[in-house]
Amino acid sequence: MKVGILGTGDVGKALGRGFIALGHSVMMGARDAGNPKADAWVKEVGAQASAGTFAQAAHSGEIVVLATLGSATEEVLRAVGPDAFKGKAVLDATNPLDFSKGMPPRLIGAQGDSGGERHQRLLPGAHVVKVFNTVGNAFMFRPEFSGGPPDMFICGNDEAAKKKVAGICKDFGWGVVDVGGIDTAHFLEAMCMVWVLSALKTNVWNQAFKMLKK
Ligand SMILES: NC(=O)c1ccc[n+]([C@@H]2O[C@H](COP(=O)([O-])OP(=O)(O)OC[C@H]3O[C@@H](n4cnc5c(N)ncnc54)[C@H](OP(=O)(O)O)[C@@H]3O)[C@@H](O)[C@H]2O)c1
């Protein structure tokens, strides 16, 4: 499968490595062609990887991953335009966090709105699935915890897209908990805050969520 990843940060690189390890090909997109981080990543991971602009990566992917700075993602989607995403599963790993006043960051948007919903509204022909936003990049692929595989919480409106994304999560080594439609993305974005706030208190960042069931 061809995967377009928008984002050259730790998340874009970690997810990209995972897709490549599973035999997929990945184009990593940045604001400008010739982005040094994307070029270095391509050199590191090899022939199944390539780099381009956000628009080129979005057009190239059969699925597209959003791994851009949370507060800039809407601007990126407007600049690329909805056609590049039409009919595709869009894996939204972003969190709309405002770091302008330091740590901890502030979650942008009141309850009843979320980055996931705003991104879905900007991409009406695409199937946005919130995923990979509730864990640190170090554990996104093949997380190993003594308590067994952690759970990835996902939400989105399109059942077929969620099935595809759930399959990807399982291939990446995760259990999957489907929370509902994209109107529940606010809760998953707030879960990111739980992850960050608890880590700030203890300075322990190697944690992941798991839903225990009887
Ligand atoms: N870090 C984690 O462990 C983690 C875990 C879960 C979720 N997340 C979420 O995943 C997303 C990516 O996080 P990250 O830490 O990998 O990277 P990041 O530093 O949050 O974002 C890097 C990407 O955002 C783009 N960007 C930055 N400012 C921009 C602007 N003003 N306009 C357009 N694009 C801009 C960069 O473009 P260029 O490539 O052109 O520089 C780059 O591709 C974030 O939304 C974050 O909240 C992060």
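When a ligand or atom number is given, it counts from 1 through the structure's own listing order. Quick caveat: nothing in here was measured; it's all calculated off a predicted structure.
- The aromatic ring centres of F141 and F19 sit 6.0 Å or more apart.
- The six-membered or imidazole ring of F187 lies away from that of F153, with a centre-to-centre distance of 6.0 Å or more.
- Using modelled atom types, one side-chain atom of Q120 and one backbone atom of V128 make a donor-acceptor pair closer than 3.5 Å.
- E189 places a side-chain N or O within donor-acceptor distance of the main-chain N or O of G116, the cut-off being under 3.5 Å.
- Partners of D39 by salt bridge (charged side-chain N to carboxylate O under 4.0 Å, His left out), not counting sequence neighbours: none found.
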Are any protein N/O atoms closer than 3.5 Å to the N/O atoms of ligand 1? If there are, list each pair with names and the distance to one decimal place.
{"unit_1": "ligand 1", "atom_1": "3 (O)", "unit_2": "N137", "atom_2": "N", "d": "2.9"}
{"unit_1": "ligand 1", "atom_1": "3 (O)", "unit_2": "N137", "atom_2": "ND2", "d": "2.8"}
{"unit_1": "ligand 1", "atom_1": "10 (O)", "unit_2": "A93", "atom_2": "O", "d": "3.3"}
{"unit_1": "ligand 1", "atom_1": "16 (O)", "unit_2": "D10", "atom_2": "N", "d": "3.0"}
{"unit_1": "ligand 1", "atom_1": "16 (O)", "unit_2": "V11", "atom_2": "N", "d": "2.8"}
{"unit_1": "ligand 1", "atom_1": "21 (O)", "unit_2": "L69", "atom_2": "N", "d": "3.1"}
{"unit_1": "ligand 1", "atom_1": "24 (O)", "unit_2": "L69", "atom_2": "N", "d": "3.0"}
{"unit_1": "ligand 1", "atom_1": "37 (O)", "unit_2": "R31", "atom_2": "NE", "d": "3.4"}
{"unit_1": "ligand 1", "atom_1": "39 (O)", "unit_2": "T8", "atom_2": "OG1", "d": "2.6"}
{"unit_1": "ligand 1", "atom_1": "39 (O)", "unit_2": "N35", "atom_2": "ND2", "d": "3.3"}
{"unit_1": "ligand 1", "atom_1": "40 (O)", "unit_2": "R31", "atom_2": "N", "d": "2.9"}
{"unit_1": "ligand 1", "atom_1": "40 (O)", "unit_2": "R31", "atom_2": "NE", "d": "3.0"}
{"unit_1": "ligand 1", "atom_1": "41 (O)", "unit_2": "R31", "atom_2": "NH2", "d": "3.1"}
{"unit_1": "ligand 1", "atom_1": "43 (O)", "unit_2": "T8", "atom_2": "N", "d": "2.9"}
{"unit_1": "ligand 1", "atom_1": "43 (O)", "unit_2": "T8", "atom_2": "OG1", "d": "3.3"}
{"unit_1": "ligand 1", "atom_1": "45 (O)", "unit_2": "T68", "atom_2": "O", "d": "2.8"}
{"unit_1": "ligand 1", "atom_1": "45 (O)", "unit_2": "G70", "atom_2": "N", "d": "3.1"}
{"unit_1": "ligand 1", "atom_1": "45 (O)", "unit_2": "N95", "atom_2": "N", "d": "3.2"}
{"unit_1": "ligand 1", "atom_1": "47 (O)", "unit_2": "N95", "atom_2": "N", "d": "3.4"}

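- Checked against I63 for a side-chain contact (heavy atoms from CB on, under 4.5 Å), the options I168, V165, V90, I5 give a single hit: I168.
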